[in-house]
Amino acid sequence: MHNSTPPKWKRSKSKLLLAAALAAASPALAQDPTPAPPLDLSALSLGDPHLNTLPRSAAEQARVANVTAATQDFTAPEAFEDNPGGSTTVRARRDDEAFSQHSANLSFEQELEFKLGNGLFKKIWVFAPASTLASDGLGPLYNARSCQRCHIKDGRGATPKGPDYRSASMFLRISTPGEPPQNLQAVTDYIGTAPDPTYGGQLQDFSPPGIAPEYRLGVDYSTRSIPLAGGETAELRIPSYSAAELGYGPLHPDAMLSPRMAPPMIGLGLLEAISTADILANVDEGDSNGDGISGRANLSWSREYQQIMLGRFGYKAGMPTLHQQSAAAFSGDIGISTPLFPSPAGDCTAAQTRCLSAPHGDGDVRGSEIDQANMDLVTFYSRNLAVPARRDSDDAQVLRGKELFYASGCTSCHTPKFVTQRLADRPENSFQLIWPYSDLLLHDMGEGLADNRPEGRATGREWRTAPLWGIGLTKQVNPDATYLHDGRARSLLEAILWHGGEAKPARDHVISLSPDDRATLIRFLESL
């Protein structure tokens, strides 16, 4: 059964043939005939420099091990299962604001911080110079004018609706083969890359008058029918991407491109509060237990803490903290400088001279176009978008669907539970039993989902396990939302059928289920 057709690249309207999205097309992806020995993660002393932790007692460690153990009982919900975000959990609203609520356990003063951060998240930035000094500095090249424009209602984005549709919460990342950075030399299997010398690290489709945008993203789909047990079929969309109307000439001949859809924002502070050691406990690079699953940790350089850290955020877990993730998005997506990414020209390169010489908002009382105090508010907001409560967890069909989810092997990567660290300065995220259904590790997802663009330790076939909490409310929040890193899947079943590589046995098990059992499995996912 061949249901893992990879995405394709086609000629743009400018007749430029893009680098093929296949491993053979780029020398960066050639196999080293003498691979490096397995990386010793313990030698890197990763730790949690971003967390002000309090030690767990031996009794607490035993309690954590007990409460996070995999269940064997599917006759009733587990204790606290209705609260996937622990005491941060909020009631599940029935409107499009379901992902926009603050953590339930914030103090009155913290609620004010959250609302101020929300204002900055929604802020519409304008070009400099402008009379509104607190809001100028947009671009000059950018993908959106606000964070909310991509993360629609704090949820997922949407794919382009037609050939002339722009700013659809989706863009192309771009890189070329390169050398590992000096500060990551200790990561012996780090895959070196570099920005495209003309277009930088991502392609932007907007610009002010007088400056050309970099491109227009084109997406076309073909379809393939997949036979399922019980006489049913499913239809998969196979995406074909193009970078049309390139504004600055051809891409580098070895350019590697990968589409990215804006992901949901809920529960991020809780993911950040999980102990690095607890995440690394699930690493099994050599598949020592023989279950076919070999989760790997991505590693990245922390600009904040000037050290190598575990990657947690992004589709390939390339970012170590929410602050760095948010600051990088301000720079790359909106063209706004921050103390962590101080360039006022954002992702502009030396080849884009008009972009570099354009007016910017640096140099006033803010220093950078968004200062550290406001970055702290945005980070606080991002940490405290609450996970909605489970629905119908005691329903007989949902419980049977949960049992099928476990029996299919899905929990080998979608780890149901963690307990966050005890934190001295973040009581709202401290020592919470949470249910993200993710191990936050990298897994080989097969050729069908491969973008063949490495990121850190992640190869072109590897992706971070996506958290599943809130997934049943995705289309309630944004009816146009779709699934996976590029939105190719229109339904949860389609998303499952795209799984390959390590996840192929689980996918094949779902294909072999009876129609009633498949529907029951989906019903469980919709309750998350």
Side-chain angles (χ1 to χ4, degrees), residues 1-8 71-72 74-75 77 156 158-159 219-240 261 291-293 390-414 416 437 443-450 461 463 465-466 468 470-476 478-528:
M1 182 174 296
H2 303 288
N3 59 346
S4 57
T5 305
K8 294 181 171 63
T71 185
Q72 304 295 320
F74 301 98
T75 62
R156 290 181 61 82
T159 56
V219 187
D220 293 314
Y221 298 98
S222 58
T223 58
R224 164 168 285 176
S225 293
I226 306 300
L228 308 174
E232 294 186 340
T233 60
E235 184 181 83
L236 299 186
R237 296 193 305 176
I238 302 167
S240 177
M261 170 72 67
D291 66 353
I293 305 298
R390 285 281 305 279
R391 285 86 52 212
D392 304 322
S393 63
D394 60 350
D395 178 87
Q397 186 184 30
V398 169
L399 289 167
R400 170 60 179 157
K402 178 182 176 181
E403 183 177 16
L404 291 167
F405 185 81
Y406 277 63
S408 298
C410 301
T411 57
S412 296
C413 301
H414 291 282
Y437 284 91
H443 295 276
D444 180 346
M445 295 300 291
E447 192 59 34
L449 286 178
R461 291 167 57 105
W463 301 92
T465 305
L468 298 181
I471 200 166
L473 298 174
T474 297
K475 288 185 180 291
Q476 176 182 301
N478 176 13
D480 294 328
T482 47
Y483 305 94
L484 300 178
H485 69 280
D486 59 357
R488 70 180 68 184
R490 296 159 294 184
S491 68
L492 294 175
L493 178 59
E494 284 185 46
I496 293 170
L497 295 177
W498 272 108
H499 283 48
E502 296 176 39
K504 182 179 182 297
R507 178 200 70 194
D508 290 349
H509 184 90
V510 173
I511 288 174
S512 71
L513 293 175
S514 70
D516 285 347
D517 277 351
R518 264 194 310 275
T520 296
L521 173 64
I522 299 300
R523 177 79 176 86
F524 163 69
L525 293 175
E526 290 172 342
S527 78
L528 295 180

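- Scored by the side chain to side chain donor-acceptor pair (under 3.5 Å) test, T223 finds no partners at all (sequence neighbours excluded).
- Atom CD1 of I293 is separated from atom OG1 of T465 by 9.0 Å, given to the nearest 0.5 angstrom.
- Annotation: side chain of Y221 is in contact with side chain of V219 (closest heavy-atom distance under 4.5 Å).
- Taking every heavy atom of both residues into account, T482 and R237 meet most closely at CG2-NH2, 4.1 Å.
- Counting only heavy atoms from C-beta outward, the side chains of P77 and L399 approach each other to under 4.5 Å.
- Not counting sequence neighbours, P505 has no partner by the side chain to side chain contact (heavy atoms under 4.5 Å, CB included) test.
- With sequence neighbours left out, A234 forms a side chain to side chain contact (heavy atoms under 4.5 Å, CB included) with L228, L493, L497.
- Two residues are said to be in side-chain contact when any heavy atoms from C-beta on lie closer than 4.5 Å; I471 and Y483 meet this criterion.
- With rounding to the nearest 0.5 angstrom, the OG atom of S393 is 10.0 Å from the CG atom of L528.
- Checking side-chain atoms of K475 against main-chain N and O of A481 turns up a donor-acceptor pair under 3.5 Å.
- Between W463 and H443, the ring center distance fails the sub-6.0 Å criterion.
- No side-chain heavy atom of V510 sits under 4.5 Å from any side-chain heavy atom of H499.
- Separation of atoms OG (S527) and CZ (R390) is listed at 3.5 Å; rounding is to 0.5 Å.
- R156 and T474 form no side-chain donor-acceptor contact under 3.5 Å, judged by distance and modelled atom types alone.
- Contact check for C410 versus Y437: no side-chain heavy atoms found under the 4.5 Å cut-off.
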Quiz prompt | Verdict with reasoning, L404 to T520, per side chain to side chain contact (heavy atoms under 4.5 Å, CB included) | solution = CA-CA 8 Å; L404 291 167; T520 296; 4.1 Å; yes

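- Between the CD1 atom of I522 and the CG atom of D517 there is a distance of 11.5 Å, given to the nearest 0.5 Å.
- In this structure, the salt bridge (charged side-chain N to carboxylate O under 4.0 Å, His left out) partners of R490, at least two apart in sequence or on a different chain, are E235, E494.
- With sequence neighbours excluded, the residues forming a side chain to side chain donor-acceptor pair (under 3.5 Å) with R461 are D444, E447, listed by chain and number.
- Between P227 and I511, the closest heavy-atom pair is O-CG2, 3.8 Å.
- With rounding to the nearest 0.5 Å, the separation of OG in S514 from CD in E232 is 9.0 Å.
- T411 pairs by the side chain to side chain donor-acceptor pair (under 3.5 Å) definition with nothing, not counting sequence neighbours.
- Residues satisfying the side chain to side chain contact (heavy atoms under 4.5 Å, CB included) criterion with D395, sequence neighbours excluded, are D392, Q397, V398, R523.
- In terms of heavy-atom proximity, A229 sits nearest to S512 at CB-O, 3.5 Å.
- In terms of heavy-atom proximity, P239 sits nearest to D486 at CG-OD2, 3.8 Å.
- In this structure, the side chain to side chain contact (heavy atoms under 4.5 Å, CB included) partners of D480, at least two apart in sequence or on a different chain, are A158, K161, N478.
- A distance of 11.0 Å separates CZ of R488 from CE of M261, quoted to the nearest 0.5 Å.
- For S408, there are no side chain to side chain donor-acceptor pair (under 3.5 Å) partners two or more places apart in sequence or in a different chain.
- Sorted by first and then second residue, the pairs that involve residues 401-414 and meet salt bridge (Lys or Arg N to Asp or Glu O under 4.0 Å), not counting sequence neighbours, are E78-K402, E81-K402, R400-E403.
- Under the salt bridge (charged side-chain N to carboxylate O under 4.0 Å, His left out) criterion, E526 pairs with no residue, sequence neighbours left out.
- By the ring pair (Phe, Tyr, Trp, His ring centres under 6.0 Å) test, F524 pairs with F405, sequence neighbours left out.
- Of all non-hydrogen atoms in M445 and A503, the two that sit nearest each other are CE-CB, 4.1 Å.
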